[in-house]
Protein chains: 2
Amino acid sequence: MTSKPKFTPERRRQILEAAVEVIAAKGLCDTRISDIAERAGTSAALVIYYFHTKDRLLTEALTFAEDRFYLQTFHELTNIASASDRLTRLIEISCPPEVRSDEIVGEWILWVELWSRALRDEDVARKREALDRRWRSTIAEIVRDGQQAGEFADIDAADFSLRLAALIDGLALQVVLGDRDVTATRARSLVLDVARRELQFGEALTP
Amino acid sequence: MTSKPKFTPERRRQILEAAVEVIAAKGLCDTRISDIAERAGTSAALVIYYFHTKDRLLTEALTFAEDRFYLQTFHELTNIASASDRLTRLIEISCPPEVRSDEIVGEWILWVELWSRALRDEDVARKREALDRRWRSTIAEIVRDGQQAGEFADIDAADFSLRLAALIDGLALQVVLGDRDVTATRARSLVLDVARRELQFGEALTP
DNA sequence: CGCCAAACTGAATGGCCGTTCAGCACTCCC
DNA sequence: GGGAGTGCTGAACGGCCATTCAGTTTGGCG
């Protein structure tokens with residue numbers, strides 16, 4: 001309101017954050033530059049001044065958000081010693097929680113928007129690919145750590161991480177779309193079961 | 001071209017098919033009524049005349065396409081006797097093939113568009129939910145058939161079908177988005193491996 | 001044939017929104 | 001103080017596009 005924030009990089013971030021919020025709330029299609037400007041507390045003209053075109057702004061906002069979320073998650077995981085605990089936490093973080101936390105659900109909404117954009121924009125497609133590769137590498141890394149520590153069974157880490165990531169995507173999607181057959185807790189426990197069964201750690205399985 | 005098709009229901013279908021093609025090619029956001037009209041060989045005014053509003057047309061087109069695809073798949077499966085063959089075929093059909101067949105890839109593109117729409121439109125969300133429920137039921141049905149015939153191990157059919165459907169979603173998505181780490185054949189064989197391992201059918205597993 | 005309803009259309013209409021632009025305010029440096 | 005550069009803005013501009021409308025064609029039917 002009264003504050004008059006200047007200085008380019010700070011402004012940039014403000015606008016990106018506003019863009020992320022608007023996209024999550026209204027969807028890519030219905031996002032207007034003026035909405036973003038309003039939420040950022042400036043004018044539409046300034047938004048264009050910083051990003052030149054709406055297209056570039058939207059692309060940058062999507063990757064900005066996903067990148068930030070990844071770094072946050074990654075940072076949290078580095079504080080956990082055991083591989084099985086790290087994997088468990090990773091699953092908990094990535095599956096949407098039962099209570100509709102705007103933070104996590106918003107993150108998944110942005111993924112869906114990112115996917116639809118990546119279908120038509122080669123540039124976005126490559127950025128998405130890089131984000132997902134990094135994510136799967138992180139899982140694979142945990143698996144290999146656990147295997148070296150003797151916590152996990154000796155299965156192929158690359159295959160497992162791809163399967164696990166895909167399963168999380170598929171289940172989280174259902175939860176975010178509000179499917180009444182797929183509650184958040186059910187999704188989470190399915191993923192955890194798969195991980196425990198395949199890597200053979202944690203609670204005993206009763207088959 | 002020269003033909004002059006009339007009669008309401010036929011026209012309706014023509015327009016819906018045109019809409020589906022345009023959406024798959026350009027995406028929901030960039031789909032114009034005039035594009036659809038042009039492809040259907042009529043005027044934009046007629047399109048509105050039939051569907052009243054663009055919104056309704058798009059929603060109807062998306063569910064029309066997915067419904068048609070499901071029925072087609074379902075019909076093909078009914079001709080297969082053994083449950084394991086049926087499940088194998090279901091997986092083959094739903095995973096995008098290596099050669100970019102417009103038919104299947106288009107189907108997946110439409111799913112992504114449907115998801116992003118379902119995020120904001122309760123009506124679309126419910127329709128999507130119904131489509132997915134039917135799909136998972138189809139899988140569960142096959143599993144139960146196979147179990148009764150002694151082909152499959154006795155695991156929980158509902159859980160398995162949810163997990164399998166989610167895995168297919170997640171992997172097919174990567175393929176359709178052009179991720180270079182996830183080829184179509186790799187995705188397909190991962191899904192088949194999971195199914196065979198969990199249900200214990202087909203080729204021997206070498207763990 | 002003549003009449004009616006329904007299918008269909010081309011040409012407006014009206015609103016929206018990305019982008020441009022001319023200029024204001026502020027700060028820094030000489 | 002004044003000149004310059006930069007952050008910033010309000011007010012156009014211009015194009016696009018869903019929707020409307022007034023009117024034409026078509027086909028069936030008495």
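Computed from a prediction, not measured in an experiment: that's the story for all the values here.
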Problem set entry | Nucleotide nearest B:Ala45 when distance is taken to its side chain, options C:dT9, D:dC8, C:dC21 | C:dT9
Problem set entry | Residues within residues 35-44 of chain A bordering DNA chain D, heavy-atom distance below 4.0 Å | A:Thr42, A:Ser43
Seminar exercise, completed: Between NZ of A:Lys26 and C1' of C:dC16 the distance, given in whole Å, is 12 Å
Problem set entry | Non-neighbouring partners of B:Asp121 that pass side chain to side chain donor-acceptor pair (under 3.5 Å), sequence neighbours left out | none
Exercise. Checking side-chain contact (heavy atoms from CB on, under 4.5 Å) against B:Asp179, which of B:Val175, B:Asp181, B:Val176 comes through?
Worked result: B:Asp181
Exercise. Got a sec: does the CD of B:Glu38 have more than 12 other heavy atoms crowding it under 6.0 Å?
Worked result: no
Exercise. Can you tell me how far P of C:dA11 sits from CD1 of B:Ile48, to the nearest Å?
Worked result: 18 Å
Problem set entry | Sub-4.0 Å heavy-atom contacts from residues 51-58 of chain A onto DNA chain C, ordered by number | A:Thr53, A:Lys54
For this session: Give a yes/no on whether any side-chain N or O of B:Arg32 is located under 4.0 angstrom from OP1 or OP2 of D:dC16.
Result: no
For this session: Tell me whether the OP1 or OP2 atom of C:dA7 has a side-chain N or O from B:Tyr49 closer than 4.0 Å.
Result: yes
For this session: Using a cut-off of strictly less than 4.0 Å, decide whether B:Thr8 has a side-chain nitrogen or oxygen near OP1 or OP2 of C:dA7.
Result: yes
Problem set entry | Side chain of B:Tyr50 - closest among D:dT19, C:dA7, C:dC17 | C:dA7
Problem set entry | Residues which pass side chain to side chain contact (heavy atoms under 4.5 Å, CB included) with A:Tyr70, listed by chain and number, not counting sequence neighbours | A:Phe74, A:Arg134, A:Trp135, A:Thr138
Problem set entry | A:Arg11 side-chain N/O to D:dG7 phosphate OP1/OP2 under 4.0 Å | no
Exercise. How would you list all residue pairs meeting salt bridge (charged side-chain N to carboxylate O under 4.0 Å, His left out) that involve residues 69-78 of chain A, not counting sequence neighbours?
Worked result: A:Glu76-A:Arg89
Exercise. Roughly, in whole Å, what's the span from CG in B:Leu46 to C1' in C:dC8?
Worked result: 6 Å
Under 3.5 Å donor-acceptor pairs involving side-chain atoms of residues 17-25 of chain A, not counting sequence neighbours:
from, atom 1, to, atom 2, distance (Å)
A:Glu17, OE2, A:Arg68, NH1, 3.0
A:Glu21, OE1, A:Arg39, NH1, 2.8

Exercise. Residues in side chain to side chain donor-acceptor pair (under 3.5 Å) with B:Thr183, at least two apart?
Worked result: B:Thr185
Exercise. Between B:Ile33 (CD1) and D:dT19 (C1'), how many Å, whole number?
Worked result: 8 Å
Seminar exercise, completed: Applying side chain to side chain contact (heavy atoms under 4.5 Å, CB included) to A:Ile48 and not counting sequence neighbours gives A:Ile33
Problem set entry | side chain to side chain contact (heavy atoms under 4.5 Å, CB included) involving B:Glu151 - partner list, sequence neighbours excluded | B:Ser82, B:Ala83, B:Ser84, B:Ala149
